[in-house]
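Numbers here are sequence positions counted from 1. Not measured: the values here are computed from a predicted model.
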Amino acid sequence: MSTHVLVVAHGSRAPGTAEAHGALCARLAEQLPDVVVGPAFLEMSAPSIADAVDAAVAAGAHTVVLVPHFLHAGNHTGRDLPAALAAARARHPGVDLRLGQHLGADERIVAVLADRARAVLAETPGLAETPGLTDPPG
């Protein structure tokens with residue numbers, strides 16, 4: 001019996017996006033060595049949430065956690081992901097299936113956005129000298 005964490009992304013037809021999401025999941029797996037981490041997609045990419053949950057259960061998962069890789073609350077986080085979880089619970093009544101919180105405006109994301117903005121501003125002549133724009137926080 002094991003615990004599986006499925007990082008749920010939207011999915012895309014753009015080449016390389018599923019592979020990039022898989023690479024993100026591999027990096028997360030390094031941070032969570034006691035669980036199995038894998039990708040799942042809401043639509044347009046494979047594996048679907050249903051297929052990923054079913055595969056986790058077939059591999060012996062007693063707990064499956066869906067972690068949304070979505071920034072904001074919306075129809076996908078408020079309706080589609082809970083519906084996918086309910087369907088998975090109906091298919092696997094003996095498995096502990098859980099849904100994590102979407103990313104939201106977590107301060108760590110704000111810090112990443114600030115870093116990205118600073119990097120662009122540092123490349124823009126005249127802006128790098130503007131007080132406060134390129135100073136790191138704290």
Side-chain angles (χ1 to χ4, degrees):
M1 299 295 254
S2 60
T3 298
H4 289 233
V5 170
L6 301 175
V7 182
V8 181
H10 185 274
S12 173
R13 291 182 189 91
T17 56
E19 293 79 7
H21 185 59
L24 173 81
C25 293
R27 291 181 61 201
L28 179 60
E30 295 171 3
Q31 302 273 328
L32 301 171
D34 297 330
V35 302
V36 177
V37 177
F41 296 94
L42 185 63
E43 57 189 22
M44 293 187 269
S45 299
S48 68
I49 296 169
D51 289 346
V53 169
D54 293 349
V57 172
H62 61 84
T63 300
V64 179
V65 178
L66 305 179
V67 178
H69 192 206
F70 288 78
L71 281 177
H72 302 291
N75 286 334
H76 291 323
T77 59
R79 180 191 65 210
D80 300 333
L81 295 179
L85 182 68
R89 284 180 173 153
R91 288 192 316 279
H92 305 288
V95 177
D96 179 13
L97 288 144
R98 303 179 196 177
L99 178 60
Q101 187 68 21
H102 66 280
L103 298 172
D106 187 294
E107 287 302 316
R108 294 165 289 187
I109 293 174
V110 173
V112 170
L113 290 170
D115 287 346
R116 297 290 168 90
R118 281 189 204 93
V120 172
L121 292 171
E123 297 170 0
T124 307
L127 286 180
E129 293 81 31
T130 304
L133 289 181
T134 58
D135 299 333

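The distance from the CD atom of E107 to the CG atom of L113 is 10.5 Å, given to the nearest 0.5 Å. Rounding to the nearest 0.5 angstrom, the gap separating the CZ atom in R98 from the CZ atom in R89 is 9.5 Å. E30 CD to C25 SG: the interatomic distance, rounded to the nearest 0.5 Å, is 12.0 Å. Note that the CG atom of D54 and the OG atom of S48 stand 7.5 Å from one another [nearest 0.5 Å]. Of the inter-residue distances, the one linking N75 atom CG with D80 atom CG reads 6.5 Å to the nearest 0.5 angstrom. We find the CG-NE2 distance between L24 and H69 to be 5.0 Å, quoted to the nearest 0.5 Å.
Grouped with L6 in one hydrophobic cluster are V8, L42, I49, V53, V57, V64, L66, F70, L81, L85, V95, L97, L99, the linkage being side-chain heavy-atom contacts under 4.5 Å among Ile, Leu, Val, Met, Phe, Trp and Tyr residues.
When all heavy atoms are compared, the tightest approach of A9 to H21 is CB-CE1, 3.6 Å. Residue P47 comes nearest to P39 through the heavy atom pair CG-O, 3.4 Å, listed as atom of the first residue, atom of the second, then distance. Across all their heavy atoms, A52 and A40 have their closest contact at CB-CB, 3.7 Å. Contact record, G11 with S45: CA-OG, 3.5 Å, taken as the closest heavy-atom pair.
Under the 4.5 Å side-chain heavy-atom criterion for grouping Ile, Leu, Val, Met, Phe, Trp and Tyr, V110 is not connected to L103 through any hydrophobic cluster. No continuous path of ILVMFWY side-chain contacts below 4.5 Å connects V36 to V7, so the two sit in separate hydrophobic clusters.
The backbone N or O of A55 lies less than 3.5 Å from no partner atom in the side chain of H4, so there is not a single donor-acceptor pair.
T3 pairs in a side-chain contact (heavy atoms from CB on, under 4.5 Å) with only one of the listed residues (V37, L32, T63), which is T63.
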> So L71 and I109, side-chain contact (heavy atoms from CB on, under 4.5 Å) or not? Walk me through it.
Replying inline: CA-CA 9 Å; L71 281 177; I109 293 174; 4.1 Å; yes
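With sequence neighbours excluded, the residues satisfying ring-ring contact (aromatic ring centres under 6.0 Å, His included) with H10 are H76.
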